[in-house]
Amino acid sequence: MVIKYLSALILPGILVMLFARVTYNRLIGLVLTVALIAASVYKGYTNAFPLIVVDAFSLTAGFWLAAKMKPKPVSNK
């Protein structure tokens, strides 16, 4: 059970940052991660309300960190 809570604390935030970096849009990254979490809730992998709260906290932290990421430097050649 501890592994579920640690995963819920870390993985959604990392996924938001990854999807934000890949799509160059942090809102799209957030939506894709929420869709993945909604699918896991639907399938029954996330069955406790505190686990959903931890997921939401991690999503918020990942969204904030995605806003703080620096964009790629543009080379002027």
Self-check item: Nearest heavy-atom neighbours spanning G62 and M17
Solution: O-CG, 3.7 Å
Quiz item: Closest heavy-atom contact between N47 and K4?
Solution: OD1-NZ, 4.3 Å
Quiz prompt | Value rounded to 0.5 Å, distance of OG1 in T60 from CG in L65 | solution = 11.0 Å
Self-check item: Single-linkage hydrophobic cluster W64~L30, side-chain heavy atoms < 4.5 angstrom
Solution: no
Quiz prompt | Transitive ILVMFWY cluster of F49, excluding itself - 4.5 Å side-chain cut-off | solution = V53
Quiz item: Can you tell which of T33, L11, V31 makes a side chain to side chain contact (heavy atoms under 4.5 Å, CB included) with V16?
Solution: T33
Quiz item: Do Y42 and L51 share a hydrophobic cluster, counting only Ile, Leu, Val, Met, Phe, Trp and Tyr and linking them when any side-chain heavy atoms are less than 4.5 Å apart?
Solution: no
Quiz item: Has the side chain of S58 got a donor or acceptor atom that lies under 3.5 Å from a matching backbone atom of V54?
Solution: no
Practice problem: Mind checking side chain to side chain contact (heavy atoms under 4.5 Å, CB included) for I28 and listing every partner two or more places apart, or none if nothing turns up? | Solution: T23, N25, L32
Quiz item: Is Y5 atom OH crowded by more than 12 heavy atoms from other residues, nucleotides or ligands, each under 6.0 Å away?
Solution: yes
Quiz item: Would you say I37 and L59 make side-chain contact, with heavy atoms under 4.5 Å?
Solution: yes
Quiz item: Of all heavy-atom pairs between S7 and P12, which one has the smallest distance, and what is that distance?
Solution: O-CD, 3.4 Å
